[in-house]
**Student:** 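Once you've had a glance at the structure underneath, I'll fire off some questions.
For ligands, and for the atoms within them, numbers begin at 1 and follow the listed sequence.
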Amino acid sequence: DGYAFKKESLELTYEVGDDIGSGNFAVVRRVTYRDSGQEYAAKFIRKRRGGGRKGARMEDIHKEISILRSLDHRNVISLYEVFETSQEVILILELVTGGELFDHISRKDHLGEEEASAFIGQILHGLKHLHDNNIAHLDLKPENIMLLDRNSQSIKLIDFGLAQRISEKEDIRALMGTAEFIAPEVVSYERLSLATDMWSIGVITYILLSGASPFLGDSQQETYHNITALNYEFDQEYFENTSDLAKDFIRRLFVKNPRKRATVDDCINHAWIRPKKQNEELQRKSAVINIDNFKAFMARKRWKQSMRVVSLCNRLSRSMLLRKSTDTLGSRNTLDEERREKLPSITERNAAPDSKEP
Ligand code: ATP
């Protein structure tokens with residue numbers, strides 16, 4: 001791979017603009033390449049220093065970059081170049097401006113299953129490219145599925161911070177990702193594989209069609225229990241206008257044994273994505289997603305996000321007070337730890353305590 005990161009100042013070649021997003025250890029800013037006027041997204045990842053817990057480990061940054069460099073597909077974000085300073089590694093990425101797919105859909109008044117399946121189809125094509133390269137994304141969720149721009153319906157998968165190369169030799173286990181979307185093998189700390197992503201595709205599709213989250217409980221424990229017990233149903237209240245084809249697609253993904261779960265190729269060839277008979281096509285044409293409940297789901301989600309910001313602010317001001325009173329003792333501040341609580345999106349990474357449904 002040759003870790004050739006540019007050491008010269010980013011500002012020599014790019015003009016740095018507004019913040020457009022942030023993550024655990026990263027801030028994403030809009031930048032403009034001075035020579036061409038072309039815009040990009042620059043992801044500034046803070047390096048971990050010493051034994052602390054603030055910042056991303058160099059090893060993990062290298063992995064994210066190496067994975068992005070090995071990918072090249074219209075439905076996957078492109079990486080152009082990498083800069084490095086003593087504090088940060090900066091990834092110059094293709095800029096997406098269309099926002100999250102789910103936000104785009106929640107602004108619509110109507111969405112037929114045909115359109116919904118076309119979106120899922122694009123996600124699957126991006127994912128097939130990953131899986132063909134033996135890469136698992138391991139963090140598929142609505143926040144990481146974006147639209148290239150407002151006009152195009154072109155999907156881009158982003159955030160390869162948790163992505164892993166899957167091999168026969170290496171046994172990867174990790175409790176990570178966002179509770180609602182993770183597979184049973186993640187919850188039970190068993191071996192992860194490409195199939196782990198397929199479960200998340202099932203959850204994403206379920207929510208897209210109904211506005212209901214299949215395994216979400218009142219607490220993280222309950223969510224985990226629902227996942228491992230395969231405790232879900234197609235509630236008539238939410239799924240009355242859903243085709244049997246779509247439900248069949250989801251059922252093949254909510255399979256506990258990863259080896260028996262539908263693969264990305266199975267999904268691409270499923271009749272809901274690629275109808276073979278006329279009646280399949282008609283079934284899809286006459287079914288619609290539950291847009292009212294979907295909008296309600298998105299409203300709840302935004303509300304939860306804003307509650308997180310409020311509680312983070314409260315804790316920040318508490319920790320600043322604490323810091324003021326302990327500064328004289330030379331204690332280190334906890335701001336950086338607090339920053340790990342992600343602002344704009346809900347991630348319960350590393351089994352961080354879940355906030356209860358408001
Ligand atoms: P996480 O903590 O979820 O792993 P992260 O630190 O790895 O996040 P990303 O998810 O890659 O960071 O980026 C954070 C946010 O920045 C995204 O949710 C998205 O809103 C925005 N973003 C990321 N990449 C791009 C891009 N290429 N174009 C536009 N916005 C982007």
**Student:** Counting each atom of ligand 1 from 1 as listed, which ones have a heavy atom of Glu94 under 4.0 Å away?
**Tutor:** 26 (C), 27 (N), 28 (N)
**Student:** Does the pair Glu180/Lys141 count as a salt bridge with the N-to-O cut at 4.0 Å?
**Tutor:** no
**Student:** Which ligand 1 atoms are under 4.0 Å away from a heavy-atom of Ala41?
**Tutor:** 26 (C), 27 (N), 28 (N)
**Student:** Would you mind listing which atoms of ligand 1 come within a distance below 4.0 Å of any non-hydrogen atom of Ile20?
**Tutor:** 29 (C), 30 (N)
**Student:** If I apply the N/O under 3.5 Å rule, does Val96 come out as touching ligand 1?
**Tutor:** yes
**Student:** Could you tell me whether some N/O pair between Lys141 and ligand 1 is separated by less than 3.5 angstrom?
**Tutor:** no
**Student:** Hydrophobic side-chain clustering at under 4.5 Å (ILVMFWY, transitive links): who's grouped with Val31? Put none if nobody.
**Tutor:** Leu10, Tyr14, Val16, Tyr33, Tyr40, Phe44, Tyr80, Phe83, Ile90, Ile92
**Student:** State if Gly161 counts as touching ligand 1 under the rule of any non-hydrogen atom under 4.0 Å.
**Tutor:** no
**Student:** Can you find an N/O atom of Glu143 closer than 3.5 Å to an N/O atom of ligand 1?
**Tutor:** no
**Student:** Any donor-acceptor pair under 3.5 Å linking the side chain of His137 with the backbone of Asp159?
**Tutor:** yes
**Student:** Does the side chain of Leu253 come within less than 4.5 Å of Tyr206's, by heavy atoms?
**Tutor:** no
**Student:** Pull out every atom of ligand 1 sitting under 4.0 Å from any heavy atom of Ala26, numbered as shown with elements.
**Tutor:** 6 (O)
**Student:** Any carboxylate oxygen within less than 4.0 angstrom of a Lys/Arg side-chain nitrogen, looking at Arg302 and Asp103?
**Tutor:** yes
**Student:** Within the 4.0 Å heavy-atom shell around Lys43, which atoms of ligand 1 are there?
**Tutor:** 5 (P), 7 (O), 9 (P), 11 (O), 12 (O)
**Student:** Heavy atoms only: which of Val28, Ile158, Leu148 is nearest to atom 19 (C) of ligand 1?
**Tutor:** Ile158
**Student:** From the options Lys256, Arg173, Arg259, Arg261, select the one residue that forms a salt bridge (Lys or Arg N to Asp or Glu O under 4.0 Å) with Glu185.
**Tutor:** Arg261
**Student:** Can you sort out which atoms of ligand 1 are near Ile77, meaning under 4.0 Å from one of its heavy atoms?
**Tutor:** 27 (N)
**Student:** Exactly one of Glu114, Glu113, Glu115 should register a salt bridge (Lys or Arg N to Asp or Glu O under 4.0 Å) with Arg284. Which one does?
**Tutor:** Glu114
**Student:** His129 side chain to His125 main-chain N or O, any donor-acceptor pair under 3.5 Å?
**Tutor:** no
**Student:** Does the N or O separation between Asp139 and ligand 1 drop below 3.5 Å for any pair?
**Tutor:** no
